[in-house]
Amino acid sequence: MNPQFRLSTRQFPKVAILFAIAAIIAIGLAPLLTHRIDLQTQDLLAGGDTTVVNRTSLAFSQPAPNLTDKEVKLHKEGDRGFGDTFVTAPAPVNAGLGPMFNNSSCTACHIHDGRGMPTKGSLLVRVSLPPSQSNLAGQLTAANSGNNLHQSSLFESQAEASVSLGNAPPVPGLGTQLQDQAIYGLKPKATVEINWHEKTAVYEDGTPYQLRSPLIDIILPNGKPLPPGILTSARVPPPVFGHGLLEAIPEGDILALADPQDKNNDGISGKPNRVWDVRQKKLVLGRFGLKANNPNLFQQNAAAYVNDMGVTNPLFPEKNDTSEIDLKTLNAVTFYTQTLSVPGRTLINDPTTQKGEQLFTQANCAACHIASIKTGKHPVKAVANQSIYPYTDLLLHNMGEGLADGRPDFEASGSEWRTAPLWGLGLTQTVLPYSGYLHDGRARTLEEAILWHGGEAERSKEIFRTMAKTDRTALVQFLNSL
């Protein structure tokens, strides 16, 4: 032993007394310390009992810690399904890719269960045909003739609902989504090239910043561009964790947050989307998707299988009612997306973080990004009756011309988007470096994402733009603590 760490026999009584005093103090203060910690860590539990303390690159991929052993087994089964790579039929395993598709697995787009990249193979383009320009149908049919395009029942079901609403009819030969890859022997529906346009602006203090937006070039199989008038919307995959909790929020609580006529005159007029539920065959509240155009996770996942991978399933089967994955697989993957945990916050006691949270509220960001809400009843007990901090109202808001795609989706207008949940936001670059923010991944930083806000968020954006640099830094640090 190193001599400097030795204790003489004369020192032992003194050390013992010090330890005894420390123990007595600790025992006496324990209730107070525990109470204080509980008060300070409530916000850390972003997903209630589903929260995990994990700030690593796998933070979005953890099962909820409150699952039973049986549920953990089902979660793992769904995890395998979520990671399965599909191949062209016939094949002994995971056959059914295509014939048209965007990617070959769920995880290829939702990398580590987080955002996708604003690049080919991850970014996709939604399309629709304005009713006033239905004469384009003939041009598009001719452009795609002889290509044996896959038409799934998804397009028929969505077409039926969309036509009744008169807002987003599928494009003949293209459906509602451009699938830019195809199996061997076929041409994809279109090729998509992404270029970027940048503009420079300045903060109030004179500091310059850049705003980037995508320029999408779409070429049809005949070599011609997409005819003018077709509505398009570039999208990057959003994170998938915490979705079961969002599904469990009572509909009445979401509707109570809506103020479509802005009766309180705060400039915020969130409204719900009403979307087609394929199983119930009626319009219901939309919760999922960048415009809240899907009602539940079962339909969200089924639509992703058939749209993104060309894989038919029990909800959207082949015309002869067969499907390329079974109900057990679809249910398991749905359970997986319902039971991914939410990473807890960090640095909540840091003075700069606390100042940033105050600035976030003062700028009225919290009017749409509602901090806390409670879940209600749900078939998955792990997500039921939880106090959560998702920072969203799940409502549609007008975000201004800068972010408008011009493409309506059920009751969402061409400039309206669902409020994105902010939980886990600070882990975005940890989970997938260089991934982008906003619906099309255009924003490279949180500052850039804020500065793209307009419409109902114009005033909040301007408050941020005119803040002192130290305040801007504090607000962004708060966002990174989520």
Pairing of [X] and [Y] as salt bridge, 4.0 angstrom limit:
X	Y	answer
E247	K377	no
K381	E71	no
R126	D405	no
R442	D440	yes

May I ask you to decide if A363's main-chain N or O and S460's side chain share a donor-acceptor pair within less than 3.5 Å? yes
Find out whether [X] and [Y] are in side-chain contact, i.e. whether some heavy atom of one side chain is under 4.5 Å from a heavy atom of the other.
X	Y	answer
E193	I216	no
E251	R287	yes
V476	T473	no
Q177	R235	no
T375	I388	yes
D180	K189	no
L330	P314	yes

Do the side-chain N and O atoms of [X] and [Y] include a donor-acceptor pair separated by under 3.5 angstrom?
X	Y	answer
D113	Y336	yes
N294	Q299	yes
S323	N313	no
N398	S269	no
T329	D326	yes
S128	R407	yes
T312	E318	yes
R115	S435	no
Q477	T353	yes

Determine the interplanar angle of the [X] and [Y] rings, folded into 0 to 90°, and report it as parallel if under 30°, tilted if 30 to 60°, perpendicular if over 60°.
X	Y	result
H369	F360	tilted
H75	F335	perpendicular
Y305	F86	perpendicular

Heavy-atom pair with the smallest gap, counting every atom of [X] and [Y]:
X	Y	value
L186	P99	CD1-CB, 3.5 Å
G376	P250	N-CD, 3.6 Å
H243	F288	O-CZ, 3.6 Å
P237	S122	CD-O, 3.5 Å
A443	L438	CB-CD1, 4.0 Å
V311	G96	CG2-O, 3.8 Å

Kindly indicate, with the supporting measurements, whether the criterion side-chain contact (heavy atoms from CB on, under 4.5 Å) is fulfilled by Q354 and N349. CA-CA 7 Å; Q354 293 173 344; N349 293 322; 4.2 Å; yes
Does a sphere of radius 6.0 Å around CZ in R212 hold more than 12 heavy atoms from other residues, nucleotides or ligands, not counting ones at 6.0 Å or beyond? yes
Atom CG of N320: over 12 foreign heavy atoms under 6.0 Å: yes
Given side chain to side chain donor-acceptor pair (under 3.5 Å), test Y437 with Q429 step by step and report yes or no. CA-CA 10 Å; Y437 305 93; Q429 302 304 322; 3.1 Å; yes
Examine R279 relative to F298 and say whether NZ or CZ is less than 6.0 Å from the centre of the six-membered ring and inside a 45° cone about the ring axis.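 Flagged: R279 positioned over aromatic ring of F298.
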Candidate pair V380 and T339, rule side-chain contact (heavy atoms from CB on, under 4.5 Å), full reasoning: CA-CA 8 Å; V380 179; T339 54; 3.7 Å; yes
With ring pair (Phe, Tyr, Trp, His ring centres under 6.0 Å) as the criterion, how do H397 and W417 come out once you've worked through the C-alpha distance, each side chain's angles and the decisive distance to 0.1 Å? CA-CA 6 Å; H397 294 274; W417 299 93; over 10 Å; no
Worked verdict on Y184 versus T88 for side-chain contact (heavy atoms from CB on, under 4.5 Å): CA-CA 8 Å; Y184 181 77; T88 307; over 6 Å; no
Residue pair N301, T337: steps toward the side chain to side chain donor-acceptor pair (under 3.5 Å) verdict: CA-CA 9 Å; N301 291 325; T337 58; 3.2 Å; yes
Side chain to side chain donor-acceptor pair (under 3.5 Å) for Q179 and N307? Distances and angles first, verdict last. CA-CA 8 Å; Q179 294 159 322; N307 274 339; 4.7 Å; no
side-chain contact (heavy atoms from CB on, under 4.5 Å), paired with L178, selected from N102, V127, V171: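 Among the candidates, only V127 passes.
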Before giving the answer on side-chain contact (heavy atoms from CB on, under 4.5 Å), spell out for K461 and W452 the whole-Å C-alpha distance, their side-chain angles and the decisive distance to 0.1 Å. CA-CA 8 Å; K461 184 273 295 290; W452 268 113; over 6 Å; no
